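Read through the structure below, which is laid out as structure tokens, and then see the notes.
Side chains included, hydrogens not; waters and symmetry mates left out as well; all remaining heavy atoms used. These numbers were taken from a predicted model, which means no experiment stands behind them. Order of the sequence lines fixes the chain letters, A, B, ..., with proteins taken first and strands second; residue numbering starts at 1 for each chain.
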Amino acid sequence: MKTVDAPATGTDSIPAAGLRETALRLPVRSGKVRLRWLAAAVVVLCAAVLASVCIGSQPSSLAQAWHAVVTPSGTNMDVTILQLRWPRTLTGIAAGICLGVAGTLSQGHTRNAVADPGLLGINQGAALAIVAVTAIAGQVLPLTQAVLAFGGALLASVFVFLIGTAARHGSTPITLVLAGAAVTALCTGLVTGIVLLNEAALDTLRFWQVGSIAGRNDILRAIWPFLLAGLVLAAMNIPALNALALGEDTARSLGISVLWARCAGIGAITLLAGSAVTMAGPIAFAGLLVPHIARAMVGADYRWLLPASAVTGAALLLLADTAGRVIARPGELSVGVVLAVIGAPFFVFLARRRKLVTV
Amino acid sequence: MSAPSTGGRLRADALTLGYDGPDIVRELSLTVPDAAITAVIGPNGCGKSTLLRGLGRLLAPRSGAVTLDGEPLAKLSTRHVATQLSVLPQTPAAPSGLTVADLVSRGRHPRQKWYQQFSVSDEAVVLDALAATDSLGLADKPLEDLSGGQRQRAWISMTLAQETDILLLDEPTTYLDLAHQVEVLELVRRLNRDRGRTVVMVLHDISLAARYSDHMVAMKDGRIVAQGTPAEVVTPELLLEIFGLAAQVVQEPTAGRPHVIPLGAAV
């Protein structure tokens with residue numbers, strides 16, 4: 001009947017009735033492969049957690065780390081691990097999950113393989129809020145700075161969404177990307193203008209702009225409800241994302257309300273990427289890289305892709321952060337710098353591939 | 001089966017459709033015969049695909065209405081409509097690496113609660129939808145590895161998994177060679193004859209449309225010019241009127257359906 005296929009699987013020509021007896025179930029092979037990859041990612045994440053807790057200017061053994069977390073006795077090492085490395089690791093996990101999931105949502109909703117959460121203007125919105133308030137009120141406390149960052153991120157993405165949906169045919173991937181680019185450009189311009197005039201704002205920006213997960217534990221403690229809400233929203237968005245991946249017309253034909261799906265998706269991206277930028281500053285490339293890694297592992301199905309993105313994101317961020325501590329010993333390179341160094345070649349690799357992956 | 005019944009579940013009533021500019025479909029009324037294959041033909045830009053999008057509520061009417069069982073589509077819930085009619089767009093998109101089984105499973109969406117997306121309870125339906133298009137052997141292949149005809153069969157399987165009585169197909173044979181066109185149309189006919197599906201399809205090839213449909217609708221400038229059985233619709237006069245084509249119409253020898261022999265563009 002059809003001869004286009006490789007001879008290995010010529011089952012196509014077997015009458016359906018005959019095949020039913022031998023193949024009663026859908027192929028589960030892909031499911032097993034996905035599960036294996038997801039398990040592997042979890043193992044890598046666990047290893048990354050251990051490395052993050054143990055490696056530093058003052059290396060510790062696994063036993064010491066265990067001792068410090070379970071039965072702390074106030075030794076120097078206990079204090080280092082409990083008050084510095086453990087919180088830093090937790091923040092890394094949280095920010096990694098946020099960036100990974102937000103990145104996958106961004107690429108899914110724009111159907112654009114080079115999209116990242118920054119395209120909603122979130123990072124520049126946060127920067128603008130911090131810089132503007134610093135210019136007016138002087139240096140602010142870290143927690144105030146976090147509130148400003150979150151507020152700015154929220155405001156920017158709401159703007160992008162409003163502009164994007166005001167298009168005559170409602171929001172499409174293109175109008176969203178354009179609105180995001182416009183708001184980002186506007187915020188960048190304003191930030192540049194302010195820091196040129198105000199030295200205090202420039203100093204604040206210089207430190208904030210390099211993404212880092214060191215010493216941000218109190219922020220995680222304040223922001224976790226938003227983070228959780230973002231994850232719930234993202235999980236609820238899964239069926240719609242799978243349908244939207246087949247095009248808006250097909251999604252509508254499958255009973256998806258495209259507008260609501262977009263609202264939920266953008267809400268989730270805002271909460272997650274907003275939380276990440278609040279905790280760790282603008283970390284470039286994580287939101288871009290992670291979806292590609294996760295997709296290569298578990299494929300295009302968002303039921304697998306979102307969990308895989310969360311795990312991969314957390315692992316990537318911790319590994320990059322730990323690497324930064326090893327490379328620049330006895331000092332350290334912040335995670336944002338390390339990721340940018342890894343991320344730029346990856347972008348080149350993406351561009352050099354013959355066929356860009358379709359999201 | 002071949003004689004379309006008058007009572008149709010899906011109707012267009014003085015339907016006007018358009019995008020930004022002028023109206024594309026103008027005050028068009030149509031009753032889609034139940035359990036029959038309806039083919040919509042007409043020149044490029046006559047509004048065939050737009051009409052199909054309107055019937056499938058992918059496009060909201062400017063005025064008039066599309067009704068399903070007497071209720072305007074706009075008043076029904078999106079999900080409910082999705083259990084009654086499915087639309088296959090002209091060139092549907094799919095992400096890289098998506099397997100045929102994955103694609104077909106997505107057709108179950110309108111009938112699933114959120115948590116059911118992780119269950120296998122719908123597997124029987126998915127298998128059945130694959131079997132109906134002879135695609136079981138393709139189940140674990142990525143879509144991009146398939147030939148055009150196989151890919152179209154996979155997409156039709158997805159709409160079958162949706163288990164709707166009404167199927168709207170927008171040029172299901174585009175980009176396919178003749179053998180694959182016939183393969184897809186034979187499949188459409190089987191779905192209608194064996195499973196009683198109502199099919200509306202937009203086709204470019206008039207002879208194939210005449211061969212595989214029970215009811216034909218000829219459109220020009222957003223209006224219906226003629227409708228009826230293929231023998232009633234496909235005439236030299238009509239071809240001249242809507243396509244500006246001088247043609248002879250003969251009876252093809254297998255089923256006695258009208259067959260178009262083009263003679264040249266009439267000036």
_Contacting region of B/Arg53 [heavy-atom separation from chain A under 4.5 Å]_ = side chain

*Charged N-O contact under 4.0 Å between B/Asp102 and A/Arg34*: yes

*Could you tell me which portion of B/Val81 (side chain, backbone, both or neither) has an atom closer than 4.5 angstrom to a non-hydrogen atom of chain A?*
neither

*Could you tell me which portion of B/Leu168 (side chain, backbone, both or neither) has an atom closer than 4.5 angstrom to a non-hydrogen atom of chain A?*
neither

*asked:* Please give me the minimum heavy-atom distance between A/Asp249 and B/Leu58, naming the atom from each residue.
replied: O-CD2, 3.4 Å

_Which heavy atom of B/Gln162 sits nearest to which heavy atom of A/Ser253, and what is that distance?_
NE2-O, 2.8 Å

*What's the shortest heavy-atom distance between A/Arg252 and B/Arg57, and which atoms?*
O-NH2, 2.7 Å

*Decide yes or no for A/Leu246 and B/Pro92: does some side-chain heavy atom of the first lie under 4.5 Å from some side-chain heavy atom of the second?*
no

*Locate the shortest heavy-atom distance separating A/Ala245 from B/Arg106; write the atom from each residue and the value.*
CB-NH1, 4.0 Å

*Heavy atoms of other groups near A/Trp304 CH2, more than 12 under 6.0 Å*: yes

*For A/Leu254 against B/Gly107, the heavy-atom pair lying closest together*: CD2-CA, 3.8 Å

*asked:* Under 4.5 Å from any heavy atom of chain A, what part of B/Pro89 do you find: side chain, backbone, both or neither?
replied: side chain

*Looking only at heavy atoms, what is the nearest atom pair of A/Ile256 and B/Thr78, with distance?*
O-CG2, 3.9 Å

